[in-house]
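Heads up: the structure comes next, in structure tokens.
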Amino acid sequence: MKSSDFLISTVKEAPNDAQIISHQLMIRAGLISKLASGLYSYLPMGLRIIQKVEKIIREEMNKSKALEVLMPVAQPAEIWKESKRWEEYGPELLRFKDRHDRDFCLGPTHEEVITNIAKQYLRSYKQLPINLYQIQTKFRDEIRPRFGVMRSREFIMKDAYSFHIDEQSLKETYQLMHQTYCNIFDRIGFDYRPVLADSGTIGGDSSHEFHVLAESGEDAICFSDDSDYAANIERAETLPQQKPKTAEQAIEKVETPGVKTITDVCNLLKVEPTSAIKTLIVEGNDNNLVALVLRGDHELNEVKASKIDGVKQPLQMAEEAVVKKQLGCSFGSIGVVNLEIPVIVDFAAAALSDFICGANEDDKHFIGVNWGRDTKKIIASDLRIVVSGDPSPDGKGSLEIKRGIEVGHIFQLGTKYSDSMNANVIGEDGRAVNMNMGCYGIGVTRIIAASIEQNHDDRGIIFPEAIAPFQLVIVPINYNKSSRVKALADQLYMDCLEQNIEVLLDDRKERPGIMFADSELIGIPHRLVISDTHADNGKIEYKSRKMPDKVEVDFKEVVSYILDKLD
RNA sequence: CGGAGUGUGGCGCAGUCUGGUAGCGUAUCUGGUUUGGGACCAGGUGGUCAGAGGUUCGAAUCCUCUCACUCCGACCA
């Protein structure tokens with residue numbers, strides 16, 4: 001490709017709504033163009049990258065024997081009503097009516113459509129297992145789109161759905177997909193981790209997210225410093241701790257006027273938050289209240305809390321007015337002494353002795369409180385968000401927390417959709433069985449942003465070769481003046497094309513500085529510079545985007561030199 | 001949905017308080033000089049100042065409403 005035949009749409013300044021580096025660089029390099037909030041066009045340079053990513057995904061998916069399909073973006077309400085998600089999904093699902101006043105939506109995902117297909121065409125266990133995938137545009141009406149294509153409303157996703165006669169078969173394909181995802185992300189050149197994930201209301205214990213490690217990641221993930229354990233922070237468990245020490249202090253009520261928060265209490269009483277507890281009140285299953293107790297320095301993990309027996313799902317914090325009426329005090333003064341509602345205590349809080357808590361009277365707290373002696377019987381459970389340094393749940397090492405960008409998610413759906421949509425096959429014994437399903441997603445467009453987050457410097461993007469829009473850029477100095485430079489550049493360009501090198505010849509009438517800056521901003525991995533000075537010696541200058549040094553290469557050997565670099 | 005903010009050539013911004021000819025940088029076009037790190041000179045093109053209504057002799061500027069976008073929060077099978 002010659003630059004004069006292409007659209008190089010680089011800009012010096014990014015719009016000021018671009019917050020993170022990948023968004024800024026994607027705009028500046030001219031990969032994307034914003035149409036409206038969360039809606040982006042892919043310009044020629046950006047599309048080439050998408051196609052590279054898609055190619056890798058296709059190759060690896062095909063290798064795993066998955067079959068590609070393509071399903072509609074617009075979907076009729078009927079199938080969503082069948083799966084109950086028309087009601088459950090919420091405003092993220094963009095709904096509209098067609099000219100006949102029939103309900104439709106834009107697909108945020110395709111479980112319903114694929115199940116509908118499976119229902120029609122899968123009749124016998126002999127056709128199973130089967131794994132169908134597509135690379136398709138999705139639409140989710142995000143509350144707050146941000147970070148460019150990282151969290152946009154319209155985005156490209158690879159989604160795969162597998163169908164199985166039993167759980168065993170599902171598990172095998174799940175493992176295969178896990179491996180396939182690793183292959184894909186290895187090829188893309190990510191520093192990533194597969195982590196245990198919460199499988200949401202679907203249940204089942206096997207769900208993994210694939211996270212690219214990056215400071216700007218929206219998710220917190222944690223891993224052991226001494227084993228393979230890695231999990232989304234929502235999912236990471238804490239272990240029961242040792243029994244509390246024997247009580248040393250007597251319980252005593254103290255005045256704490258105006259004190260509402262743990263910080264206030266601790267400042268007033270000159271103690272650390274680790275020796276106080278906080279009591280959160282949530283709604284219970286039958287119109288009652290439930291107390292959740294955490295150590296002062298810990299935070300509630302809402303996913304864990306909502307899974308506790310007797311706690312209303314989804315988790316709902318109690319209204320302060322209701323709490324006042326039933327417990328006789330406001331939020332800041334709730335405590336566990338003489339508390340007449342179910343009390344669930346986090347393991348860490350349950351391990352405390354001689355601690356501080358609210359007195360269930362405004363402006364008063366207890367000090368020297370001990371479990372059992374001063375409280376009724378409690379249930380100890382895992383309630384909190386893990387913190388750095390917690391012991392790893394597998395018993396090996398301690399946890400470290402990093403930020404990650406979720407680029408893939410695989411999980412076992414079981415029979416949720418095949419049950420509600422009645423997708424069954426005839427089994428070996430001649431009876432109909434609802435199929436087990438697995439579901440596997442990769443955010444194609446998000447991958448590009450994630451890769452840039454991980455690979456850039458102050459000059460721009462440093463694309464890994466596997467997904468770079470071009471492998472090589474040829475920068476001729478004085479292409480339009482020096483006939484010798486032009487001849488050499490054209491010759492080299494033709495030679496590269498012959499070797500199927502994805503090469504960009506920058507034949508624009510620009511000064512060298514602009515051409516260097518553009519190629520570095522766009523992040524083309526390899527660069528050759530041709531100039532009269534070098535031509536005098538039969539040399540060409542090579543530079544890798546990753547390395548600071550320039551190398552002189554004989555003109556005759558340059559193509560094989562490049563081929564070697566491309567491996 | 002709650003809080004905060006911003007809308008002025010493609011992009012980045014000034015002008016708004018204190019009403020009086022629409023401005024700067026960059027990009028773009030033409031001509032010339034340059035050519036190894038975002039050049040210089042000269043001359044152009046391009047804006048109903050987000051939209052609607054109001055006040056005024058006169059509104060980018062003051063008032064009212066609407067819309068869009070951004071940030072923080074809530075939400076996220």
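In the text below, chain A, chain B and the rest are named by the order of the sequence lines, each starting its count at 1.
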Find the distance [X]:[atom1] to [N]:[atom2] and express it as a whole number of Å.
X: A:R144; N: B:rU70; atom1: CZ; atom2: C1'; result: 8 Å
X: A:R511; N: B:rG38; atom1: CZ; atom2: P; result: 7 Å
X: A:D458; N: B:rG38; atom1: CG; atom2: P; result: 15 Å

Original post:
Any idea which of B:rU34, B:rU70, B:rG25 is nearest the A:S37 side chain?
Top reply: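 Nearest to the side-chain atoms of A:S37, counting from C-beta on, is B:rU70.
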
Original post:
Quick one: which of B:rA27, B:rG36, B:rU70 gets closest to the side chain of A:D17?
Top reply: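 Ranking B:rA27, B:rG36, B:rU70 by closest atom to the A:D17 side chain puts B:rU70 first.
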
**OP:** May I ask which nucleotide in the shown strands pairs with B:rU61, Watson-Crick or G-U wobble, both distances under 3.5 Å?
**Re:**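 Pairing partner, where one exists within any strand: none, as none qualifies.
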
Please classify the nucleic acid contact of [X] as base, sugar-phosphate, or nothing, using heavy-atom distances under 4.0 Å.
X: A:K34; result: sugar-phosphate
X: A:R153; result: nothing
X: A:E520; result: base
X: A:E541; result: base
X: A:V475; result: nothing

When the [atom1] atoms of [N] and [M] are considered, how many whole Å apart are they?
N: B:rU70; M: B:rU33; atom1: C1'; answer: 44 Å
N: B:rG2; M: B:rU45; atom1: C1'; answer: 46 Å
N: B:rA60; M: B:rA50; atom1: C1'; answer: 12 Å
N: B:rG46; M: B:rU28; atom1: C1'; answer: 9 Å
N: B:rU64; M: B:rU55; atom1: C1'; answer: 11 Å
N: B:rG47; M: B:rG54; atom1: P; answer: 26 Å
N: B:rC49; M: B:rU8; atom1: P; answer: 11 Å
N: B:rC1; M: B:rG25; atom1: P; answer: 42 Å

Original post:
Name the one of A:R85, A:K119, A:E111 that satisfies side-chain hydrogen bond (donor to acceptor under 3.5 Å, both in side chains) with A:Y417?
Top reply: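 Only one of A:R85, A:K119, A:E111 forms a side-chain hydrogen bond (donor to acceptor under 3.5 Å, both in side chains) with A:Y417, namely A:R85.
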
**OP:** Supply the atom-to-atom distance A:D458 CG to A:I21 CD1, rounded to the nearest 0.5 angstrom.
**Re:**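 Taking CG in A:D458 and CD1 in A:I21, the distance rounds to 9.5 Å.
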
